[in-house]
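The structure appears right after this line, and notes come after that.
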Amino acid sequence: MYTKPDILELYDKAIRINKSCPDHRRAFDYWMQHNNKAPEQSLSFDTETTGISFGVPSMLHIGNTDIKVYNIKVFGISLAIPTRKRIVLIWARLGTDLFDEAVKLLGICGQKVAHNARYDLRVCKINSIKITEETHCTLTAARIYWDRRQRFGLQPLCEIICPELSDWELAVKSESRRIKSKYTRAGYPKGYINYSFISDKIMAEYSMIDSFLCLMIHCMIHPRMQDTYEEVYTREQKVLKLALKMEQQGLQYDCRKSLIEERKFNKKAVILEKQLYKIAGEEFNIKSPAQVLSILLKLKIPVKLITADSELSTDKNLLEPIVDHKLWKNEKGLLFLETLLNIKAIYKQVYSYLIPLRKRAMYNNGKIYCNINATDTRTGRTAVTDPGLQTIPRLISRRKRKNPIRSCFICRPGYWNYHFDYAQIEMIFYAVLIGETRIIDAYNEGRDIYTEIAQFTCSEEDLEYIRKTLGDPRQQLKHLSLAVLYGAGVPGTAKILQMPKDRAASLLAGYLEACPLVVEYRNQCKHELYTKGYVEDFFGRRYHIEPGQAYKAPNAVVQGSCAQILKIALIQINEYLETSSDRARILIPEHDEFITERPSADRDTEILFCRNVVSAMQNIKQLTDRRLKIRVDVERTKTNWEAKKKLEIS
DNA sequence: GCATGATGCTT
DNA sequence: TGCGAGCATCATGCA
């Protein structure tokens, strides 16, 4: 058995930087003054690394060669260990005895604490550092305890908790800048310099305070988590682990197919570019809004056509109607706009998706890894970054064709992918929230809610107008309903539905008149914001919003509640998978959808698997309490995401 | 080199 | 009076 005193003894023999560091003295004083009590057998830690991207090696550009460097390496660990009488801070650099002891300590005793634990746990895993106990995350706790309006890096948190200690990272920041510019001047490539270049003295002062603050924050918040937010907090703890697991699985990506599509797009783009320059009479940078505007003005487009909020703009939503409804009486001009929109759509596909995704996959044997951020958003939604896999296009805009990007995401050999999608969950939650029984009833009886909404909110005249100028009324009413939920006013409605303001105003007025509960709920929110300063979601989680921005409240409550449901579902699906013999895995969450994979098997077990997942998604107390059975659509594919087909399981 | 604005993709 | 939550790209202006 390894105990704390061992490392403390070792520490006594090691460098004693804290004796001479004023920052540390201030930190100790602060701790003693506020008499913070740390949980028994706890310690906080922080890892210092030489790189920050996961799954993607950093690239060094040296001369004409690109060199791949897998450089996410721990080069140091700092610990803050509370003992009965004092708090011991340790900075241990890779290669020292102290480092080895620190690693051992992480592996055995007591409760661990880290700020943004997901990151540190990931780093430790990659570097084969074992962390046995549950790790608490101060970032997660801070997000829950305060509200989600602000960022909660360690420094901003410090401003809230202990402003007198909040300038501890200045030295390391300025040193980092100094070294970077020195090496850059000497011709070293970008990204070559990291914190491991900084002297041990400065690094130690910085890093020890870092983990100390983390411990202090934990001591302050954790008891309150247990009192008030136990359910929410333990849920986030579980999701944290699952996010880590999903991040490390990666998604299969077909680089060859991607490259082929890329070339097709580029070929088209070259032709279109030539056409565009010919019409314009000169070459210009199509990616620059300013240059596009000047060309448009040169072609003498009526200024009011491209004006939004009294400012000139080249926004797609502004330009598209001009082409679609021939609002500009100029054949050449319309051709210009049409070509421009097509080129921009192609650029989007190629530069935002195809190229970045392919590059990532190429360096990782056809796998794409991402960051799954389960806590760090205002409403508690899960965000996926680096790359942002939640925004892969469904259709190519303007052409309304199936998008080739989705066909590049392929199933692993021998596996099927299953997509589980909550049907219209946000609208239903909204209906429940405001008590709109007409929508709930329609949903429960299996009717389409937007068709229903269209019937009781629109006059015949409006419906006729929509049908004539915009197309399918159901789709438009869906847009309108969501816009209302998001708090859009007349200008917003006009923009979303691409109609004149007076028409939008009457449509919106009709909608609100037919749904008085919408207005009533908005007023209720406003009242709560004025009296209490926050609104609560179905889980008792609070959203602090300025009363002046009350229009944001309904959306926060709905989106927040849905995010919680998704998290509960994630945990329950995982629980099922762990007990089943399916060898199935959750690949990634996408707002109101889960993508999973499972080895191919016969139809019976497949249906059973789907039913179990679906029931894990439906059997949620907060749903059943409200007599809600949210429909879950299941789709499956054995090739790629674009080819997925609906699967009936009932 | 960095911050900011404009734009566009998702739900 | 009012356009929710995200992420990613590129151009531009400033230091």
Side-chain angles (χ1 to χ4, degrees), chain A residues 148-149 177 180-181 184-185 190-191 284-293 308-309 311-320 340-341 344-357 360 370-373 376-398 403 405-406 421-427 429-430 478-497 504-505 508 522 525-526 543 545-563 566 588-593:
Chain A
R148 296 163 178 279
R149 271 175 303 178
R177 266 199 301 275
K180 259 185 198 163
S181 73
T184 310
R185 273 200 305 276
K190 202 184 154 189
F284 61 100
N285 187 346
I286 302 166
K287 290 172 189 163
S288 159
Q291 295 188 35
V292 169
L293 267 182
D309 301 331
E311 281 196 37
L312 291 181
S313 160
T314 58
D315 194 305
K316 183 166 161 283
N317 291 327
L318 219 55
L319 300 187
E320 264 183 358
L340 178 75
L341 287 168
K344 278 178 138 184
I346 291 176
Y347 281 169
K348 182 73 183 172
Q349 309 295 314
V350 175
Y351 291 102
S352 285
Y353 300 103
L354 287 171
I355 291 180
L357 290 173
R360 277 163 190 279
C370 57
N371 278 310
I372 298 177
N373 217 326
D376 203 17
T377 58
R378 280 182 178 79
T379 54
R381 262 193 177 183
T382 302
V384 177
T385 61
D386 229 354
L389 290 177
Q390 286 170 322
T391 57
I392 307 298
R394 301 248 170 217
L395 302 165
I396 299 180
S397 52
R398 303 262 334 128
N403 195 305
I405 297 169
R406 290 207 171 229
D421 190 329
Y422 276 120
Q424 294 143 5
I425 187 171
E426 291 209 344
M427 261 341 270
F429 262 55
Y430 188 43
K478 184 177 169 183
H479 285 158
L480 178 59
S481 303
L482 287 170
V484 169
L485 168 55
Y486 299 156
V490 171
T493 311
K495 200 173 169 190
I496 291 162
L497 293 180
L508 190 61
R522 276 185 190 171
C525 281
K526 201 185 235 176
Y543 302 92
I545 294 167
E546 296 297 327
Q549 298 192 312
Y551 65 91
K552 289 183 179 175
N555 180 59
V557 174
V558 169
Q559 214 182 84
S561 301
C562 287
L566 261 285
I588 208 161
E590 251 198 42
H591 300 300
D592 62 358
E593 179 180 342

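Naming: A, B, ... by sequence-line order, numbering from 1 per chain. Bear in mind the structure is a predicted one, so any value in this text is a computation, not a measurement.
Take A:Y353 and apply the ring-ring contact (aromatic ring centres under 6.0 Å, His included) test, not counting sequence neighbours, and it matches no residue. For A:A423, the side-chain contact (heavy atoms from CB on, under 4.5 Å) partners are A:Y443, A:R631, A:D633, not counting sequence neighbours. Applying the side-chain contact (heavy atoms from CB on, under 4.5 Å) criterion to A:D315, with sequence neighbours excluded, gives A:S313, A:N317, A:L318, A:K495. For A:L566, the side-chain contact (heavy atoms from CB on, under 4.5 Å) test picks out A:Y422, A:F594, with sequence neighbours left out.
Backbone-only contact: A:I392 has heavy atoms under 4.0 Å from sugar-phosphate atoms and none from a base. Residue A:Q390 is in sugar-phosphate contact alone, with no base atom involved, counting any heavy-atom pair closer than 4.0 Å across all strands shown.
Atom C1' of C:dC3 sits at a distance of 15 Å from the matching atom of B:dG8, rounded to the whole Å.
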What string of B, S and - do you get for nucleotides 8-15 of chain C 5' to 3' if you count protein non-hydrogen atoms under 4.0 Å? SSSSS---
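Between the P atom of B:dG8 and the OH atom of A:Y347 lies a distance of 14 Å, rounded to the nearest Å. Rounded to whole Å, the distance from CG on A:L312 to P on B:dT7 is 10 Å. Computed from coordinates, the A:E311 CD to B:dA6 P distance equals 7 Å when rounded to whole Å. For the pair A:H479 NE2 and B:dC9 C1', the computed distance is 13 Å after rounding to whole Å. Between the CD1 atom of A:I588 and the C1' atom of B:dT11 there is a distance of 15 Å, rounded to whole Å. Distance, A:Q349 CD to B:dT7 C1': 14 Å, rounded to whole Å. The nearest whole Å value for the distance from the CG atom in A:D315 to the C1' atom in B:dT7 is 7 Å. Rounded to an integer number of Å, the gap from A:K478 NZ to B:dT11 P is 8 Å.
Of the candidate nucleotides C:dC7, B:dT11, C:dA5, C:dA5 has the atom nearest to the side chain of A:T379. Proximity note for A:Y353 (side chain, C-beta onward) versus C:dG4, C:dG6, B:dC9: the nearest is B:dC9.
By the 4.5 Å heavy-atom criterion applied to side chains, A:L357 and A:L389 are counted as neighbours. Contact of the A:V490 side chain with the A:L508 side chain is registered, since non-hydrogen atoms from C-beta on lie closer than 4.5 Å.
An OP1 or OP2 oxygen of C:dG6 is reached within less than 4.0 angstrom by a side-chain nitrogen or oxygen of A:R378.
A cation-pi arrangement, defined by a distance under 6.0 Å to the six-membered ring centre and an angle within 45 degrees of its axis, is absent between A:K552 and A:Y486.
Of the charged side-chain nitrogens involved, at least one lies within less than 4.0 Å of a carboxylate oxygen, so that A:E590 and A:R394 count as a salt-bridged pair.
A donor-acceptor contact shorter than 3.5 Å is absent between the side chain of A:Q291 and the backbone of A:F284.
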Protein-nucleotides 1-3 of chain C N/O pairs under 3.5 Å:
| residue | atom | partner | partner atom | Å |
| --- | --- | --- | --- | --- |
| C:dT1 | O4 | A:K526 | NZ | 3.4 |
| C:dG2 | N2 | A:Y551 | N | 3.1 |

